[in-house]
Student: 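Handing you a structure now.
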Protein chains: 2
Amino acid sequence: MKKISDSTIRRMSKYYRSLDQLIDKRVETVSSDTLAEMDGITSAQVRKDLSFFGTFGKRGFGYNTKALKKQIENILGLYRTWNVAIVGAGNIGRALTDYAEFKKQGFIIRLIMDRDKSKIGQQVRGLNIEDFNKVNDLVKDEQIDIAIIAVPADAAQAVADKLVTAGIKAILNFAPRSLKVPPDVTVKYENMAVEMEALSYFLSKKK
Amino acid sequence: MKKISDSTIRRMSKYYRSLDQLIDKRVETVSSDTLAEMDGITSAQVRKDLSFFGTFGKRGFGYNTKALKKQIENILGLYRTWNVAIVGAGNIGRALTDYAEFKKQGFIIRLIMDRDKSKIGQQVRGLNIEDFNKVNDLVKDEQIDIAIIAVPADAAQAVADKLVTAGIKAILNFAPRSLKVPPDVTVKYENMAVEMEALSYFLSKKK
DNA sequence: ATATATGTGTGAATTTTTTGACAATGACGA
DNA sequence: TCGTCATTGTCAAAAAATTCACACATATAT
Ligand SMILES: NC(=O)c1ccc[n+]([C@@H]2O[C@H](COP(=O)([O-])OP(=O)(O)OC[C@H]3O[C@@H](n4cnc5c(N)ncnc54)[C@H](O)[C@@H]3O)[C@@H](O)[C@H]2O)c1
Ligand SMILES: NC(=O)c1ccc[n+]([C@@H]2O[C@H](COP(=O)([O-])OP(=O)(O)OC[C@H]3O[C@@H](n4cnc5c(N)ncnc54)[C@H](O)[C@@H]3O)[C@@H](O)[C@H]2O)c1
(Lines give C-alpha, C1' and ligand atoms only; values in the text may rest on other atoms or scores of the structure.)
(Ligands and ions follow the chains in the order given, each with its own letter.)
Protein backbone atom coordinates (compact mmCIF):
# COMPACT_ATOMS: atom_id res chain seq x y z
CA MET A 1 0.00 0.00 0.00
CA LYS A 2 1.21 3.46 -0.88
CA LYS A 3 2.28 5.58 2.05
CA ILE A 4 -0.57 7.81 3.15
CA SER A 5 0.42 11.18 4.55
CA ASP A 6 -0.22 12.13 8.10
CA SER A 7 -2.29 15.13 7.05
CA THR A 8 -4.60 12.87 5.08
CA ILE A 9 -5.10 10.62 8.11
CA ARG A 10 -5.83 13.62 10.32
CA ARG A 11 -8.43 14.83 7.86
CA MET A 12 -9.98 11.38 7.61
CA SER A 13 -10.47 11.54 11.32
CA LYS A 14 -12.22 14.87 10.91
CA TYR A 15 -14.46 13.61 8.14
CA TYR A 16 -15.38 10.78 10.45
CA ARG A 17 -16.56 13.20 13.09
CA SER A 18 -18.40 15.37 10.58
CA LEU A 19 -20.21 12.33 9.25
CA ASP A 20 -21.23 11.48 12.78
CA GLN A 21 -22.74 14.92 13.11
CA LEU A 22 -24.66 14.52 9.86
CA ILE A 23 -25.93 11.08 10.79
CA ASP A 24 -27.14 12.50 14.09
CA LYS A 25 -29.16 14.98 12.07
CA ARG A 26 -30.58 12.16 9.93
CA VAL A 27 -28.77 13.36 6.83
CA GLU A 28 -28.36 10.43 4.46
CA THR A 29 -26.29 11.92 1.67
CA VAL A 30 -23.42 14.36 1.62
CA SER A 31 -21.30 15.95 -1.11
CA SER A 32 -17.57 16.54 -0.90
CA ASP A 33 -18.47 20.21 -0.96
CA THR A 34 -20.52 20.04 2.23
CA LEU A 35 -17.95 17.89 3.97
CA ALA A 36 -15.27 20.38 2.96
CA GLU A 37 -17.37 23.24 4.26
CA MET A 38 -17.74 21.57 7.62
CA ASP A 39 -14.02 21.11 8.01
CA GLY A 40 -12.88 24.37 6.47
CA ILE A 41 -11.06 22.89 3.48
CA THR A 42 -11.66 22.43 -0.26
CA SER A 43 -13.81 19.79 -1.87
CA ALA A 44 -10.94 18.69 -4.08
CA GLN A 45 -9.02 17.88 -0.94
CA VAL A 46 -11.82 15.74 0.40
CA ARG A 47 -12.14 13.77 -2.81
CA LYS A 48 -8.40 13.39 -3.10
CA ASP A 49 -8.07 12.09 0.44
CA LEU A 50 -10.85 9.57 0.00
CA SER A 51 -9.45 8.45 -3.35
CA PHE A 52 -6.34 7.09 -1.64
CA PHE A 53 -8.50 4.42 -0.08
CA GLY A 54 -11.09 3.65 -2.73
CA THR A 55 -14.13 5.08 -4.47
CA PHE A 56 -16.96 5.58 -2.09
CA GLY A 57 -19.21 8.12 -3.79
CA LYS A 58 -21.69 8.18 -6.61
CA ARG A 59 -21.19 10.75 -9.35
CA GLY A 60 -23.83 13.42 -9.43
CA PHE A 61 -25.05 12.24 -6.04
CA GLY A 62 -22.41 12.32 -3.33
CA TYR A 63 -21.67 9.95 -0.49
CA ASN A 64 -24.00 7.95 1.68
CA THR A 65 -23.19 9.19 5.16
CA LYS A 66 -23.55 5.91 6.99
CA ALA A 67 -21.69 3.91 4.39
CA LEU A 68 -18.82 6.39 4.26
CA LYS A 69 -18.60 6.48 8.02
CA LYS A 70 -18.30 2.73 8.08
CA GLN A 71 -15.59 2.85 5.43
CA ILE A 72 -13.55 5.36 7.39
CA GLU A 73 -14.09 3.24 10.48
CA ASN A 74 -12.42 0.39 8.67
CA ILE A 75 -9.61 2.54 7.36
CA LEU A 76 -8.76 4.01 10.74
CA GLY A 77 -9.26 0.79 12.66
CA LEU A 78 -12.17 2.10 14.67
CA TYR A 79 -14.33 -0.98 14.20
CA ARG A 80 -12.68 -2.45 17.28
CA THR A 81 -11.70 -1.24 20.73
CA TRP A 82 -8.21 -0.39 21.91
CA ASN A 83 -6.84 -0.83 25.39
CA VAL A 84 -5.23 2.31 26.72
CA ALA A 85 -2.88 2.92 29.64
CA ILE A 86 -2.16 6.29 31.20
CA VAL A 87 1.17 7.04 32.83
CA GLY A 88 1.02 9.86 35.37
CA ALA A 89 -1.98 10.27 37.67
CA GLY A 90 -1.72 14.04 37.89
CA ASN A 91 -4.06 16.70 36.61
CA ILE A 92 -4.09 15.64 33.01
CA GLY A 93 -3.95 11.92 33.69
CA ARG A 94 -7.00 12.16 35.93
CA ALA A 95 -8.95 14.41 33.57
CA LEU A 96 -8.39 11.91 30.78
CA THR A 97 -9.46 8.96 32.91
CA ASP A 98 -12.64 10.86 33.57
CA TYR A 99 -13.27 11.58 29.92
CA ALA A 100 -16.30 9.52 28.94
CA GLU A 101 -16.20 10.41 25.23
CA PHE A 102 -13.03 8.41 25.04
CA LYS A 103 -14.70 5.12 25.74
CA LYS A 104 -17.47 5.88 23.29
CA GLN A 105 -14.83 6.16 20.60
CA GLY A 106 -13.50 2.74 21.42
CA PHE A 107 -10.49 3.76 23.48
CA ILE A 108 -10.86 2.00 26.80
CA ILE A 109 -8.68 3.09 29.67
CA ARG A 110 -7.65 -0.09 31.41
CA LEU A 111 -4.76 1.13 33.46
CA ILE A 112 -3.38 4.21 35.14
CA MET A 113 0.12 4.16 36.57
CA ASP A 114 2.28 6.47 38.64
CA ARG A 115 5.53 6.12 40.51
CA ASP A 116 4.47 8.23 43.49
CA LYS A 117 4.00 5.83 46.42
CA SER A 118 1.40 8.11 48.00
CA LYS A 119 -0.78 7.92 44.90
CA ILE A 120 -0.48 4.21 44.20
CA GLY A 121 -3.55 2.40 45.45
CA GLN A 122 -5.82 5.44 45.20
CA GLN A 123 -8.84 5.24 42.95
CA VAL A 124 -9.62 7.29 39.87
CA ARG A 125 -13.05 6.59 38.49
CA GLY A 126 -12.99 3.02 39.69
CA LEU A 127 -9.44 2.41 38.48
CA ASN A 128 -6.68 1.63 40.91
CA ILE A 129 -3.55 3.70 40.41
CA GLU A 130 -0.85 1.11 39.79
CA ASP A 131 2.89 1.14 40.35
CA PHE A 132 4.69 2.13 37.17
CA ASN A 133 7.58 -0.13 38.18
CA LYS A 134 5.35 -3.05 37.31
CA VAL A 135 4.70 -1.70 33.82
CA ASN A 136 5.91 -4.84 32.03
CA ASP A 137 3.48 -7.17 33.74
CA LEU A 138 0.63 -4.68 33.76
CA VAL A 139 0.88 -3.96 30.05
CA LYS A 140 0.90 -7.65 29.29
CA ASP A 141 -1.97 -8.50 31.65
CA GLU A 142 -4.22 -5.74 30.39
CA GLN A 143 -3.15 -6.21 26.77
CA ILE A 144 -2.48 -2.52 26.37
CA ASP A 145 -2.33 -1.18 22.82
CA ILE A 146 -1.78 2.53 23.38
CA ALA A 147 -0.02 4.43 26.16
CA ILE A 148 -0.61 8.05 27.09
CA ILE A 149 2.28 9.86 28.73
CA ALA A 150 1.13 12.48 31.25
CA VAL A 151 4.22 12.97 33.40
CA PRO A 152 6.49 16.03 33.68
CA ALA A 153 8.67 16.70 30.64
CA ASP A 154 11.86 15.64 32.37
CA ALA A 155 10.48 12.19 33.03
CA ALA A 156 8.90 11.68 29.62
CA GLN A 157 11.81 10.03 27.79
CA ALA A 158 12.52 7.61 30.62
CA VAL A 159 8.86 6.65 30.77
CA ALA A 160 8.78 6.21 26.99
CA ASP A 161 11.81 3.93 27.13
CA LYS A 162 10.15 1.72 29.69
CA LEU A 163 6.92 1.62 27.71
CA VAL A 164 8.84 0.56 24.63
CA THR A 165 10.57 -2.18 26.62
CA ALA A 166 7.15 -3.30 27.80
CA GLY A 167 6.16 -3.75 24.17
CA ILE A 168 4.08 -0.65 23.53
CA LYS A 169 3.96 0.43 19.86
CA ALA A 170 1.80 3.55 20.04
CA ILE A 171 2.21 6.53 22.35
CA LEU A 172 0.39 9.80 22.81
CA ASN A 173 2.65 12.23 24.61
CA PHE A 174 1.29 15.18 26.57
CA ALA A 175 4.65 16.27 27.88
CA PRO A 176 6.20 19.11 25.86
CA ARG A 177 9.23 17.13 24.75
CA SER A 178 10.20 15.19 21.61
CA LEU A 179 10.67 11.50 22.26
CA LYS A 180 13.17 9.13 20.71
CA VAL A 181 11.71 5.73 20.01
CA PRO A 182 12.55 2.82 17.67
CA PRO A 183 11.16 3.04 14.14
CA ASP A 184 8.41 0.51 14.77
CA VAL A 185 6.89 2.69 17.49
CA THR A 186 4.71 5.72 16.69
CA VAL A 187 4.47 8.77 18.86
CA LYS A 188 1.86 11.48 18.50
CA TYR A 189 2.00 14.69 20.43
CA GLU A 190 -0.53 16.82 22.19
CA ASN A 191 1.49 19.93 22.81
CA MET A 192 -0.57 22.77 24.11
CA ALA A 193 2.39 25.08 24.53
CA VAL A 194 2.99 24.96 20.79
CA GLU A 195 -0.57 26.02 20.06
CA MET A 196 -0.57 28.78 22.66
CA GLU A 197 2.69 30.15 21.32
CA ALA A 198 1.33 30.07 17.80
CA LEU A 199 -1.53 32.24 19.07
CA SER A 200 0.96 34.52 20.78
CA TYR A 201 2.85 34.89 17.50
CA PHE A 202 -0.34 35.69 15.69
CA LEU A 203 -1.39 38.30 18.20
CA SER A 204 1.95 40.08 18.36
CA LYS A 205 2.33 40.11 14.61
CA LYS A 206 -0.85 42.04 13.93
CA LYS A 207 0.04 45.03 16.07
CA MET B 1 6.88 40.70 6.05
CA LYS B 2 6.63 37.48 4.08
CA LYS B 3 4.03 35.03 5.28
CA ILE B 4 5.59 32.49 7.61
CA SER B 5 4.14 29.01 7.50
CA ASP B 6 2.38 27.49 10.43
CA SER B 7 4.80 24.57 10.51
CA THR B 8 7.70 26.97 10.87
CA ILE B 9 6.01 28.68 13.81
CA ARG B 10 5.33 25.35 15.47
CA ARG B 11 8.95 24.38 15.11
CA MET B 12 10.12 27.73 16.45
CA SER B 13 8.11 26.97 19.54
CA LYS B 14 9.90 23.64 19.82
CA TYR B 15 13.32 25.19 19.38
CA TYR B 16 12.38 27.56 22.15
CA ARG B 17 11.72 24.67 24.51
CA SER B 18 14.86 22.85 23.45
CA LEU B 19 16.93 25.94 24.08
CA ASP B 20 15.40 26.18 27.52
CA GLN B 21 16.54 22.66 28.21
CA LEU B 22 20.06 23.42 27.05
CA ILE B 23 20.26 26.61 29.10
CA ASP B 24 19.15 24.62 32.14
CA LYS B 25 22.12 22.35 31.53
CA ARG B 26 24.44 25.37 31.26
CA VAL B 27 25.10 24.79 27.58
CA GLU B 28 26.14 28.07 25.99
CA THR B 29 26.43 27.18 22.32
CA VAL B 30 24.40 24.92 20.08
CA SER B 31 24.59 23.89 16.43
CA SER B 32 21.64 23.50 14.09
CA ASP B 33 22.59 19.83 14.06
CA THR B 34 22.09 19.40 17.79
CA LEU B 35 18.89 21.38 17.78
CA ALA B 36 17.63 19.25 14.92
CA GLU B 37 18.55 16.11 16.79
CA MET B 38 16.59 17.23 19.83
CA ASP B 39 13.46 17.83 17.80
CA GLY B 40 13.76 14.93 15.42
CA ILE B 41 14.20 16.95 12.22
CA THR B 42 17.03 17.94 9.87
CA SER B 43 19.58 20.68 10.48
CA ALA B 44 18.75 22.31 7.15
CA GLN B 45 15.22 22.71 8.38
CA VAL B 46 16.37 24.42 11.54
CA ARG B 47 18.59 26.87 9.66
CA LYS B 48 15.92 27.53 7.07
CA ASP B 49 13.30 28.25 9.72
CA LEU B 50 15.56 30.65 11.57
CA SER B 51 16.61 32.34 8.34
CA PHE B 52 13.05 33.58 7.83
CA PHE B 53 13.53 35.84 10.82
CA GLY B 54 17.18 36.90 10.61
CA THR B 55 20.68 35.58 11.01
CA PHE B 56 21.35 34.54 14.56
CA GLY B 57 24.30 32.19 14.30
CA LYS B 58 28.02 32.45 13.74
CA ARG B 59 29.53 30.40 10.94
CA GLY B 60 31.70 27.59 12.16
CA PHE B 61 30.43 28.12 15.67
CA GLY B 62 26.70 27.76 16.05
CA TYR B 63 24.16 29.70 18.08
CA ASN B 64 24.44 31.21 21.51
CA THR B 65 21.67 29.48 23.41
CA LYS B 66 20.60 32.43 25.52
CA ALA B 67 20.73 34.91 22.67
CA LEU B 68 18.76 32.64 20.36
CA LYS B 69 16.18 31.98 23.03
CA LYS B 70 15.71 35.69 23.46
CA GLN B 71 15.34 36.14 19.71
CA ILE B 72 12.65 33.48 19.51
CA GLU B 73 10.97 35.06 22.51
CA ASN B 74 10.70 38.26 20.50
CA ILE B 75 9.52 36.51 17.38
CA LEU B 76 6.76 34.58 19.15
CA GLY B 77 5.74 37.45 21.39
CA LEU B 78 6.74 35.69 24.59
CA TYR B 79 8.52 38.68 26.09
CA ARG B 80 5.20 39.75 27.55
CA THR B 81 2.28 38.10 29.31
CA TRP B 82 -1.09 37.28 27.83
CA ASN B 83 -4.40 37.26 29.63
CA VAL B 84 -6.32 34.04 29.11
CA ALA B 85 -9.95 33.13 29.69
CA ILE B 86 -11.31 29.60 29.87
CA VAL B 87 -14.88 28.80 28.85
CA GLY B 88 -16.22 25.62 30.41
CA ALA B 89 -15.41 24.71 34.00
CA GLY B 90 -15.54 20.96 33.42
CA ASN B 91 -12.77 18.40 33.56
CA ILE B 92 -10.49 20.00 31.02
CA GLY B 93 -11.22 23.58 32.03
CA ARG B 94 -10.34 22.84 35.64
CA ALA B 95 -7.21 20.86 34.79
CA LEU B 96 -5.99 23.78 32.72
CA THR B 97 -6.71 26.30 35.44
CA ASP B 98 -4.61 24.15 37.73
CA TYR B 99 -1.72 23.95 35.28
CA ALA B 100 1.09 25.97 36.79
CA GLU B 101 3.47 25.67 33.83
CA PHE B 102 1.06 27.83 31.95
CA LYS B 103 1.70 30.89 34.04
CA LYS B 104 5.44 30.35 33.88
CA GLN B 105 5.17 30.63 30.12
CA GLY B 106 3.44 33.96 30.40
CA PHE B 107 -0.12 32.81 29.85
CA ILE B 108 -2.10 34.03 32.84
CA ILE B 109 -5.53 32.63 33.43
CA ARG B 110 -7.64 35.58 34.56
CA LEU B 111 -11.08 34.21 34.03
CA ILE B 112 -13.04 31.00 33.94
CA MET B 113 -16.63 31.01 32.75
CA ASP B 114 -19.49 28.55 32.55
CA ARG B 115 -23.20 28.77 31.92
CA ASP B 116 -24.20 26.18 34.51
CA LYS B 117 -25.84 28.06 37.38
CA SER B 118 -24.74 25.44 39.89
CA LYS B 119 -21.09 25.99 38.99
CA ILE B 120 -21.09 29.77 38.82
CA GLY B 121 -19.66 31.19 42.02
CA GLN B 122 -17.60 28.13 42.84
CA GLN B 123 -13.85 28.52 43.15
CA VAL B 124 -11.16 26.89 41.02
CA ARG B 125 -7.69 27.60 42.29
CA GLY B 126 -8.72 30.96 43.71
CA LEU B 127 -10.69 31.93 40.60
CA ASN B 128 -14.40 32.48 40.76
CA ILE B 129 -16.34 30.69 38.07
CA GLU B 130 -18.17 33.49 36.26
CA ASP B 131 -21.36 33.57 34.27
CA PHE B 132 -20.62 33.17 30.57
CA ASN B 133 -23.61 35.41 29.80
CA LYS B 134 -21.51 38.30 31.03
CA VAL B 135 -18.69 37.48 28.64
CA ASN B 136 -18.64 40.91 26.99
CA ASP B 137 -18.01 42.82 30.20
CA LEU B 138 -15.72 40.21 31.67
CA VAL B 139 -13.48 40.06 28.62
CA LYS B 140 -13.21 43.83 28.61
CA ASP B 141 -12.59 44.15 32.35
CA GLU B 142 -9.90 41.49 32.44
CA GLN B 143 -8.41 42.56 29.12
CA ILE B 144 -8.46 39.02 27.81
CA ASP B 145 -6.21 38.25 24.83
CA ILE B 146 -6.78 34.53 24.36
CA ALA B 147 -9.80 32.33 25.01
CA ILE B 148 -9.76 28.59 25.53
CA ILE B 149 -12.91 26.70 24.62
CA ALA B 150 -13.53 23.68 26.85
CA VAL B 151 -17.23 23.03 26.40
CA PRO B 152 -18.98 20.09 24.68
CA ALA B 153 -18.63 20.00 20.90
CA ASP B 154 -22.26 20.97 20.30
CA ALA B 155 -21.80 24.21 22.20
CA ALA B 156 -18.42 25.15 20.75
CA GLN B 157 -19.57 27.19 17.74
CA ALA B 158 -22.07 29.21 19.78
CA VAL B 159 -19.43 29.93 22.39
CA ALA B 160 -16.96 30.93 19.69
CA ASP B 161 -19.49 33.32 18.18
CA LYS B 162 -19.99 35.02 21.52
CA LEU B 163 -16.27 35.25 22.12
CA VAL B 164 -15.81 36.87 18.74
CA THR B 165 -18.55 39.35 19.52
CA ALA B 166 -16.77 40.11 22.79
CA GLY B 167 -13.70 41.06 20.76
CA ILE B 168 -11.52 37.96 21.17
CA LYS B 169 -9.02 37.47 18.33
CA ALA B 170 -7.29 34.24 19.38
CA ILE B 171 -8.93 30.97 20.40
CA LEU B 172 -7.67 27.57 21.41
CA ASN B 173 -10.42 25.01 20.94
CA PHE B 174 -10.46 21.71 22.82
CA ALA B 175 -13.81 20.64 21.46
CA PRO B 176 -13.53 18.24 18.53
CA ARG B 177 -15.22 20.53 16.04
CA SER B 178 -14.08 22.99 13.37
CA LEU B 179 -15.06 26.55 14.12
CA LYS B 180 -16.10 29.25 11.70
CA VAL B 181 -14.73 32.64 12.63
CA PRO B 182 -14.04 35.91 10.79
CA PRO B 183 -10.68 36.17 9.01
CA ASP B 184 -9.13 38.41 11.65
CA VAL B 185 -9.61 35.76 14.33
CA THR B 186 -7.26 32.78 14.67
CA VAL B 187 -8.29 29.42 16.00
CA LYS B 188 -5.91 26.66 16.98
CA TYR B 189 -7.09 23.19 17.84
CA GLU B 190 -6.18 20.67 20.46
CA ASN B 191 -7.93 17.63 19.13
CA MET B 192 -7.04 14.51 21.00
CA ALA B 193 -9.43 12.34 19.06
CA VAL B 194 -7.49 13.05 15.88
CA GLU B 195 -4.24 11.93 17.46
CA MET B 196 -5.76 8.81 18.98
CA GLU B 197 -7.30 7.85 15.68
CA ALA B 198 -4.00 8.37 13.92
CA LEU B 199 -2.51 5.89 16.38
CA SER B 200 -5.38 3.52 15.71
CA TYR B 201 -4.71 3.76 11.97
CA PHE B 202 -1.05 3.09 12.53
CA LEU B 203 -1.72 0.05 14.71
CA SER B 204 -4.27 -1.54 12.42
CA LYS B 205 -2.15 -0.97 9.34
CA LYS B 206 0.81 -2.96 10.58
CA LYS B 207 -1.07 -6.17 11.09
C1' DA C 1 50.08 35.13 10.56
C1' DT C 2 48.39 31.41 8.45
C1' DA C 3 46.12 27.11 8.01
C1' DT C 4 42.48 24.21 9.25
C1' DA C 5 38.11 22.83 10.81
C1' DT C 6 33.56 23.78 11.71
C1' DG C 7 29.02 24.95 10.77
C1' DT C 8 26.07 28.85 9.08
C1' DG C 9 23.06 31.00 5.47
C1' DT C 10 21.00 30.41 1.22
C1' DG C 11 19.93 29.70 -3.68
C1' DA C 12 18.67 25.65 -6.33
C1' DA C 13 16.76 21.08 -6.71
C1' DT C 14 13.59 17.90 -5.09
C1' DT C 15 9.67 16.15 -2.93
C1' DT C 16 5.19 16.61 -1.09
C1' DT C 17 0.81 18.64 -0.78
C1' DT C 18 -2.87 21.18 -2.51
C1' DT C 19 -5.71 23.00 -6.05
C1' DG C 20 -7.79 23.21 -10.71
C1' DA C 21 -10.33 21.40 -14.26
C1' DC C 22 -13.11 18.37 -16.63
C1' DA C 23 -14.62 13.87 -18.69
C1' DA C 24 -17.33 10.29 -16.90
C1' DT C 25 -21.14 8.64 -14.40
C1' DG C 26 -25.42 8.03 -12.12
C1' DA C 27 -30.00 10.04 -10.44
C1' DC C 28 -34.14 11.79 -11.69
C1' DG C 29 -37.94 13.91 -14.17
C1' DA C 30 -40.49 14.38 -18.40
C1' DT D 1 -36.13 6.15 -22.92
C1' DC D 2 -33.82 10.19 -23.16
C1' DG D 3 -32.01 14.54 -21.58
C1' DT D 4 -30.53 17.30 -17.92
C1' DC D 5 -28.19 18.19 -13.86
C1' DA D 6 -25.12 17.42 -10.13
C1' DT D 7 -21.03 15.73 -8.41
C1' DT D 8 -17.50 12.28 -8.40
C1' DG D 9 -12.68 10.49 -9.50
C1' DT D 10 -8.49 11.69 -11.39
C1' DC D 11 -4.84 13.67 -14.23
C1' DA D 12 -2.28 17.70 -14.64
C1' DA D 13 -0.71 22.11 -12.82
C1' DA D 14 0.55 24.97 -9.14
C1' DA D 15 2.10 25.92 -4.75
C1' DA D 16 4.37 24.86 -0.62
C1' DA D 17 7.65 22.58 2.15
C1' DT D 18 11.80 20.16 2.66
C1' DT D 19 16.36 18.84 1.54
C1' DC D 20 20.73 19.42 -0.86
C1' DA D 21 25.04 21.23 -1.36
C1' DC D 22 28.42 24.55 -1.05
C1' DA D 23 30.57 29.24 -0.77
C1' DC D 24 31.88 31.71 2.93
C1' DA D 25 32.58 33.44 7.71
C1' DT D 26 34.61 32.66 12.04
C1' DA D 27 37.09 30.24 15.88
C1' DT D 28 41.02 28.01 17.13
C1' DA D 29 45.51 25.79 16.77
C1' DT D 30 50.10 26.17 15.36
N1 LIG E 1 -2.27 19.99 33.46
C2 LIG E 1 -2.46 20.48 32.24
O3 LIG E 1 -3.44 21.15 31.97
C4 LIG E 1 -1.49 20.19 31.15
C5 LIG E 1 -1.72 20.73 29.91
C6 LIG E 1 -0.84 20.47 28.87
C7 LIG E 1 0.26 19.67 29.11
N8 LIG E 1 0.48 19.15 30.30
C9 LIG E 1 1.66 18.30 30.47
O10 LIG E 1 1.24 17.03 30.92
C11 LIG E 1 2.19 16.49 31.82
C12 LIG E 1 1.52 16.21 33.14
O13 LIG E 1 0.96 17.42 33.63
P14 LIG E 1 0.12 17.44 34.98
O15 LIG E 1 -0.35 18.80 35.18
O16 LIG E 1 -0.86 16.33 34.98
O17 LIG E 1 1.29 17.12 36.04
P18 LIG E 1 1.16 16.62 37.52
O19 LIG E 1 2.38 17.04 38.23
O20 LIG E 1 -0.18 16.95 38.07
O21 LIG E 1 1.21 15.04 37.38
C22 LIG E 1 2.34 14.33 36.97
C23 LIG E 1 2.26 12.92 37.56
O24 LIG E 1 3.31 12.12 36.99
C25 LIG E 1 3.88 11.34 38.03
N26 LIG E 1 5.25 11.01 37.65
C27 LIG E 1 6.33 11.80 37.65
N28 LIG E 1 7.41 11.14 37.22
C29 LIG E 1 7.01 9.89 36.92
C30 LIG E 1 7.67 8.74 36.42
N31 LIG E 1 8.97 8.76 36.12
N32 LIG E 1 6.95 7.64 36.23
C33 LIG E 1 5.64 7.60 36.52
N34 LIG E 1 4.95 8.66 37.00
C35 LIG E 1 5.64 9.78 37.20
C36 LIG E 1 3.79 12.20 39.27
O37 LIG E 1 3.85 11.43 40.43
C38 LIG E 1 2.45 12.90 39.07
O39 LIG E 1 1.41 12.15 39.64
C40 LIG E 1 3.29 17.53 31.94
O41 LIG E 1 4.34 17.19 31.08
C42 LIG E 1 2.63 18.80 31.49
O43 LIG E 1 3.55 19.68 30.93
C44 LIG E 1 -0.38 19.39 31.35
N1 LIG F 1 -11.91 15.76 29.54
C2 LIG F 1 -10.95 15.46 28.66
O3 LIG F 1 -9.98 14.77 29.01
C4 LIG F 1 -11.02 15.96 27.26
C5 LIG F 1 -10.02 15.60 26.40
C6 LIG F 1 -10.04 16.08 25.09
C7 LIG F 1 -11.06 16.89 24.69
N8 LIG F 1 -12.05 17.22 25.51
C9 LIG F 1 -13.09 18.11 25.02
O10 LIG F 1 -13.14 19.25 25.83
C11 LIG F 1 -14.46 19.69 25.97
C12 LIG F 1 -14.81 19.74 27.42
O13 LIG F 1 -14.63 18.46 27.99
P14 LIG F 1 -14.87 18.18 29.52
O15 LIG F 1 -14.55 16.77 29.77
O16 LIG F 1 -14.19 19.21 30.33
O17 LIG F 1 -16.46 18.37 29.61
P18 LIG F 1 -17.35 18.65 30.89
O19 LIG F 1 -18.70 18.18 30.57
O20 LIG F 1 -16.66 18.14 32.12
O21 LIG F 1 -17.38 20.25 31.00
C22 LIG F 1 -18.01 21.06 30.07
C23 LIG F 1 -18.43 22.35 30.77
O24 LIG F 1 -18.90 23.27 29.80
C25 LIG F 1 -20.06 23.92 30.34
N26 LIG F 1 -20.87 24.39 29.21
C27 LIG F 1 -21.67 23.67 28.41
N28 LIG F 1 -22.24 24.44 27.48
C29 LIG F 1 -21.81 25.69 27.70
C30 LIG F 1 -22.06 26.92 27.08
N31 LIG F 1 -22.86 27.02 26.02
N32 LIG F 1 -21.45 28.02 27.56
C33 LIG F 1 -20.64 27.93 28.63
N34 LIG F 1 -20.36 26.79 29.26
C35 LIG F 1 -20.94 25.67 28.81
C36 LIG F 1 -20.74 22.88 31.16
O37 LIG F 1 -21.56 23.49 32.14
C38 LIG F 1 -19.54 22.16 31.78
O39 LIG F 1 -19.17 22.74 33.00
C40 LIG F 1 -15.32 18.72 25.19
O41 LIG F 1 -15.58 19.24 23.91
C42 LIG F 1 -14.46 17.51 25.09
O43 LIG F 1 -14.76 16.75 23.94
C44 LIG F 1 -12.04 16.79 26.82
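Each chain gets a letter, A, B and so on, in the order the sequences are listed, and its residues count up from 1. All figures in this text were calculated on a predicted structure; none of them were measured in a lab.
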Student: Give one of base, sugar-phosphate or nothing for B/Ser43, where a contact means two heavy atoms less than 4.0 Å apart.
Tutor: nothing
Student: Assign the ring pair B/Phe102 / B/Phe107 to parallel, tilted or perpendicular, where the plane angle (0 to 90°) is split at 30° and 60°.
Tutor: tilted
Student: Identify which nucleotide among C/dG7, D/dT19, C/dG9 has an atom closest to any side-chain atom of B/Arg47, counting heavy atoms from C-beta outward.
Tutor: C/dG9
Student: Quick one: is A/Arg11 getting a side-chain N or O under 4.0 Å of the C/dT18 phosphate, OP1 or OP2?
Tutor: yes
Student: Check every strand shown and say whether B/Thr8 touches a base, only sugar-phosphate, or nothing at a heavy-atom separation below 4.0 Å.
Tutor: nothing
Student: Kindly confirm or rule out a cation-pi arrangement of B/Lys14 over A/Tyr189, judged by NZ or CZ under 6.0 Å from the six-membered ring centre and within 45° of its axis?
Tutor: yes
Student: What do you reckon, is CD of A/Gln21 surrounded by more than 12 foreign heavy atoms closer than 6.0 Å?
Tutor: yes
Student: Taking N and O atoms by type only, does the side chain of B/Arg59 place a donor or acceptor under 3.5 Å from a partner on the base of C/dG7?
Tutor: no
Student: Between A/Phe61 and A/Gln45, which is nearer to the 5' end of DNA chain C once each is assigned its nearest nucleotide?
Tutor: A/Gln45
Student: Between B/Lys48 and A/Ala44, which has a closest nucleotide on DNA chain C that is more 5'?
Tutor: B/Lys48
Student: Does B/Lys169 pair with B/Asp184 as a salt bridge, N-O distance under 4.0 Å?
Tutor: yes
Student: Is any side-chain N or O of A/Ser5 closer than 4.0 Å to OP1 or OP2 of C/dT16?
Tutor: no
Student: So, OP1 or OP2 of D/dT26: does either fall under 4.0 Å of a side-chain N or O from B/Tyr63?
Tutor: no
Student: Between A/Lys58 and C/dA27, is there a side-chain N or O to OP1/OP2 distance below 4.0 Å?
Tutor: yes
Student: To the nearest Å, give me how far apart CZ (A/Arg10) and P (C/dT17) are.
Tutor: 12 Å
Student: How long is the line joining CZ of B/Phe56 and P of C/dT10, in whole Å?
Tutor: 11 Å
Student: Output the rounded distance in Å from CG (A/Asp6) to P (D/dT18).
Tutor: 13 Å
Student: Decide, yes or no, whether a salt bridge links A/Glu37 with B/Lys180 under the criterion of side-chain N to carboxylate O below 4.0 Å.
Tutor: yes
Student: Would you say a side-chain N or O of A/Ser32 is under 4.0 Å from OP1 or OP2 of D/dT8?
Tutor: yes
